[in-house]
Peer 1: 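To start, I am sharing the structure in question, which I have written as structure tokens.
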Amino acid sequence: MSRSDLLGTIMREHRDGLVSYAEKMLGDHGLAEDIVQEAIVRAWRNIDRLIGMEGSVRGWLFTVTRHLVIDWVRKPHARREVLGDTYNDPVSGTDGTEAVHDALVVRPLLRRLSPEHRAVLVHIYLCDRTIQETAGILGVPAGTVKSRQHNALRKLRAVVRREAA
């Protein structure tokens, strides 16, 4: 397969899926398209590597897209605009049960929290980051992250107890 054939195949067969994937994480179609465009540029730059690749080109593209989304979310301009409000990592469950559980249970609960509390829980529990990493990304002291985590969990416990009763 030639370089241009592979790039054409990537655009035809994978672009829409990549945009959908990025949009699920970001909640913004336009931004998702920008991210995918960058992923395709990276594919072009690595086209020789992709032509001889034994693994899945699709898997490589989705991995690059995921990393670009994470990089964008970690940028200072995105901290409060996207992450605290809409970031969701759709790769967390391979069989789909976690995604269904999140949609039915976790997301509605997280919406009851302030954006600051929600961002802390998303970083720590959904993105599996440490307190220090979360503090660095959000630009707040580690003590603030701990306090927000404690208060957010306390509020969620109260909501769950009230609804279970």
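Keep in mind that the numbers below use all heavy atoms, side chains included, and drop hydrogens, waters and symmetry copies.
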Peer 1: A side-chain contact here means heavy atoms from C-beta on lying under 4.5 Å apart; do R15 and E33 qualify?
Peer 2: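 Yes; the side chains approach each other to less than 4.5 Å.
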
Peer 1: Between S114 and H117, do the side chains contain an N or O donor and an N or O acceptor separated by less than 3.5 Å?
Peer 2: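 Yes, a side-chain donor-acceptor pair sits under 3.5 Å.
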
Peer 1: Pick from L138, I131, T130: which one makes a side chain to side chain contact (heavy atoms under 4.5 Å, CB included) with H123?
Peer 2: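 Going through L138, I131, T130 one by one, the side chain to side chain contact (heavy atoms under 4.5 Å, CB included) with H123 is satisfied by L138 alone.
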
Peer 1: If you compare all heavy atoms of A135 against all heavy atoms of V145, which two are closest, and at what distance to 0.1 Å?
Peer 2: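 Reported closest heavy-atom pair: CA-CG2, 3.6 Å.
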
Peer 1: If you look at every heavy atom in E23 and A32, which pair is closest and at what distance?
Peer 2: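 Here E23 and A32 meet closest at N-CB, 3.5 Å.
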
Peer 1: Does a side-chain N-to-carboxylate-O contact under 4.0 Å join E13 and R58?
Peer 2: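 Salt bridge: no.
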
Peer 1: Kindly indicate whether the side chain of W60, heavy atoms from C-beta on, has any atom under 4.5 Å from the side chain of T65.
Peer 2: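 They are not in side-chain contact.
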
Peer 1: Is there a side-chain contact between N151 and S147, using heavy atoms and a 4.5 Å cut-off?
Peer 2: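 The answer is yes; the side chains approach within 4.5 Å.
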
Peer 1: Contact between W72 and L26 at the side-chain level, heavy atoms closer than 4.5 Å - yes or no?
Peer 2: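 The answer is yes; the side chains approach within 4.5 Å.
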
Peer 1: Run through L121, I124, V120, L113 and flag the one making a side chain to side chain contact (heavy atoms under 4.5 Å, CB included) with L153.
Peer 2: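 The side chain to side chain contact (heavy atoms under 4.5 Å, CB included) with L153 is passed solely by L121 among L121, I124, V120, L113.
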
Peer 1: Spell out, yes or no, whether V41 and Y21 are grouped together once hydrophobic residues are joined by side-chain heavy atoms under 4.5 Å, including indirect joins.
Peer 2: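 No, V41 and Y21 fall in different hydrophobic clusters.
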
Peer 1: How many angstroms lie between CG in L18 and CZ in R66, if you round to the nearest 0.5 Å?
Peer 2: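 L18 atom CG to R66 atom CZ measures 14.0 Å (nearest 0.5 Å).
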
Peer 1: Mind listing the closest non-hydrogen atom pair of M25 and V69 along with its distance?
Peer 2: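 Nearest pair, atom of M25 first, then V69: CE-CG2, 3.8 Å.
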
Peer 1: Can you get from L68 to W44 by hopping between Ile, Leu, Val, Met, Phe, Trp and Tyr side chains that sit under 4.5 Å apart?
Peer 2: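 Result: yes, single cluster for both.
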
Peer 1: Heavy-atom count around Q37 CD within 6.0 Å, excluding the residue itself: above 12?
Peer 2: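 Count not over threshold, so no.
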
Peer 1: Taking atom CD of Q149 and atom OH of Y125, what is their separation to the nearest 0.5 Å?
Peer 2: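 Result: 4.0 Å between the selected atoms.
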
Peer 1: For the backbone of V140 and the side chain of T144, can you confirm whether one donor and one acceptor N or O come within less than 3.5 Å of each other?
Peer 2: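 Absent.
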
